[in-house]
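The structure appears right after this line, and notes come after that.
Remember, it's 1-based here, ligands and their atoms both numbered in the order they're listed.
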Amino acid sequence: MNINMKESVVVAVREAPYRNTGMQGINDIERSVLEFSRECPKAVIVDGTVYSFDHSFDSKVSQEQLYRTLIHPLVLKALAGYDCTAMAYGQTGTGKSYSMGMSAERMSEEHVGIVPRCLKDILKYMNINDQKENHAAMGEVFASFIEVYNEKAYDLLAVDVNEPLTSRTHPRFTGGTCMPMKSQKDLLQILMLGTKNRHVRATNMNNNSSRSHAIVTIHIQQGFQHSRLNIIDLAGSESVRRTGNEGVARAEGVFINMGLMGINKVMASLSAGRSLIPYPSLNSQCSLTLLVCISPHASDLNETLSTIRFAKNAKQMKITPQLSQQIQQMQEMHQNRSSAQTTSNQSITQNLGRLLPNSVNIRRRPPLSSNPGARNSFSISIPPGAQPNSRKRARRAQNALLSSSDESDTGVAPTGVISPTVAEFLKLKKEYAELQRGLRELREQRAQPEVQAEEPPLAAERPQPSQLTFREFNSDLSSIAEEGDAIPPPPFRIFTSSPTIYNNQNAGLLRMSGVSSAPTASSSGAAVAAAEPMPGRLSTRLNSRQAQLIQDITNGQDQRPLRRSSRIASQSGGPPTERNEPAERTEGNERAEGPSQLRATSALAAIGERFTMDSTVGSQRARLSKHRAELLSLLNTASVKDLQALPQIGPKTAMALIMQRSVLGHFRNWKQVEKLPIWKDISWSRFAKAVCIEIDP
Ligand SMILES: Nc1ncnc2c1ncn2[C@@H]1O[C@H](COP(=O)(O)OP(=O)(O)OP(=O)(O)O)[C@@H](O)[C@H]1O
């Protein structure tokens, strides 16, 4: 799923079922004023006029579909650190509370509403489970439940719910009692308490009409990062005449309408570009998803049109979602610490460009369009007198709408800010998969003898180990492993399991045909050309090869091959470079790769050196220690993207590492890294094995 973190306002419309006939469809007595068309899923036709929103749901939409399409992206945004609000608006009795899932009464799976579904996903993504020990949890989740009744806020979870939050005992609005959430059971409890305490009353329009605006806030705490997901069920707009309310109920109705008017004013202010809005969940930095519920009844047409107007105005709001301040500070810290990273990222991109086929797209996103709120909020009117074939015309209009909204989609571009967000994860994951595919293809090409014979790469053109970028190096590791000719056995216990480093996801398996298991420098060129795909597990193969090599070393025959660049150089007739010699770095290279990049590459080069280590235990230990230090410094400076180039580090782990690093300042040692709550099950030991830092020297 592609989520635009900067998409500010999403507006959807949902048709309510018929009040008397339930879901049976068109009522005999009252005609429906709403029409939906499959060809134009974003539009709703209200009494012949087409209105287009971001989503349009008829009365048959399930709660699950509604949640997945409309709210799930908001949950991901909240997890990525944005404050978000989902709000239901509409006439009384049109299903706002039902959609939002504010009630604890009807909890069969089919009818579960938005609040429980949000919490379920948030707990899942944050790895919070009350059945398990929460050592692997990514943070904590809390929830509060308040209502605004007759213009006063009440904490529905407080001991004394009749004490308004704004009273003297609470000099400042506190946001209500926050309860820790570890499971759906915890949520059910607060929903039950809240529903019990919330003001509801039977009216002519709804047996269980909410008389207050209710707000469930899910607080997501990840390190210093605190984001909120507000889920608001507004009380329904009502006409005193139609509800037939008298006395207190009538007064409530007046307050409800006043409150809704206040929200209208806020929206007008936001549309006018003002940013100082005294509403925590409806402001210029909070992503908003608005669900408007409308009635199909002809007798409700005025209210329906008024609701549609509200929705159209909402779409005009100028909202720029911002990461919470703490995250922004952390990002700044991170950017300062690795200011050279941008340059290095660029060089990674350039270098990857060299390595990858043209089809692999690693471009940055284009900048944000100037007015993102202005799209998808338009309508086409069919003049009432212009029948008889208004439906046909409406459909034509819809088609026009469809194509124009598609065009506008391409016009609105997401931000160019590279933030460690869920969208980034998804995008990076995709990019990485493409990248690996590209590398595989490239390797396959390289493995073809005729290609090699035609254009042997010159040693000078080949990137030397210390010049390699992060991913190149990784790919180099795997391609070296694939060539399979150069891997020395681990002569002491530290490396007994080190072959897993080659067995990362990049590794397509190749075997050497017609060459010995430990080829010499002179044979290695031919060996590369003779490489061919071989099924099976690399680690198993390496183990048998190790055994052979251990034997060779024990017999005093050091047949370690030269490094890859040397082999290639010898292939092209040039002089082989010195084994393990640090690559010469030109001035241009220095500039292209920032310090952190150089650290990254040298750290990885240290991993590479393991292939050609001397056999003395002392020097091995010294190298391992250097390698560990360099890799740690890499962990302290690398970006989310770069971290993912390490074996066993996926987007989530990379992001979690960055978060932890921001919280701790930097990682002091590997023990500290090992203790981080980000490693699940055996993921730490896998990672430690894969990057060869598993045993303290
Ligand atoms: N899509 C739906 N499917 C099944 N039942 C629904 C649906 N929408 C609403 N209902 C039912 O209609 C009734 C009124 O819905 P609900 O109380 O959610 O309306 P509301 O808009 O919140 O009203 P109010 O503003 O007066 O509180 C409830 O009994 C609810 O269960």
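From Thr195, atom OG1 reaches atom CD of Glu147 across 10.5 Å, with rounding to the nearest 0.5 Å.
Less than 4.0 angstrom separates some heavy atom of Lys96 from each of these atoms of ligand 1: 18 (O), 19 (O), 20 (P), 21 (O), 22 (O), 23 (O), 24 (P), 25 (O). Atoms of ligand 1 lying under 4.0 Å from any heavy atom of Arg14, numbered from 1 in the order shown and given with element: 1 (N).
In terms of N/O distances under 3.5 Å, ligand 1 is not approached by Leu234. Not one N or O of Ser59 is nearer than 3.5 Å to an N or O of ligand 1, by distance alone. Polar contact with ligand 1: absent for Pro17 (N/O pair, distance under 3.5 Å). Between Asp233 and ligand 1, a contact under 3.5 Å exists for no N or O pair. By the 3.5 Å distance cut-off applied to N or O atoms, Ser97 is counted among the residues near ligand 1.
The main-chain N or O of Gly95 is found under 3.5 Å from a side-chain atom of Ser99 such that the two form a donor-acceptor pair. Remark: side-chain polar atoms of Tyr18 are paired, donor with acceptor, to backbone N or O of Ser32 under 3.5 angstrom.
For the side chain to side chain contact (heavy atoms under 4.5 Å, CB included) with Glu15, the qualifying choice from Ser56, Ser59, Cys293, Ser295 is Ser59, the only one to do so. For the side chain to side chain contact (heavy atoms under 4.5 Å, CB included) test with Ile218, the passing option among Asn230, Ile122, Leu123, Leu187 is Ile122; the others fail.
When all heavy atoms of Tyr51 and Lys312 are compared, the pair lying nearest together is CD2-CD, 3.9 Å.
Within the structure, the closest approach of Gly93 to ligand 1 falls below 4.0 Å when heavy atoms are considered.
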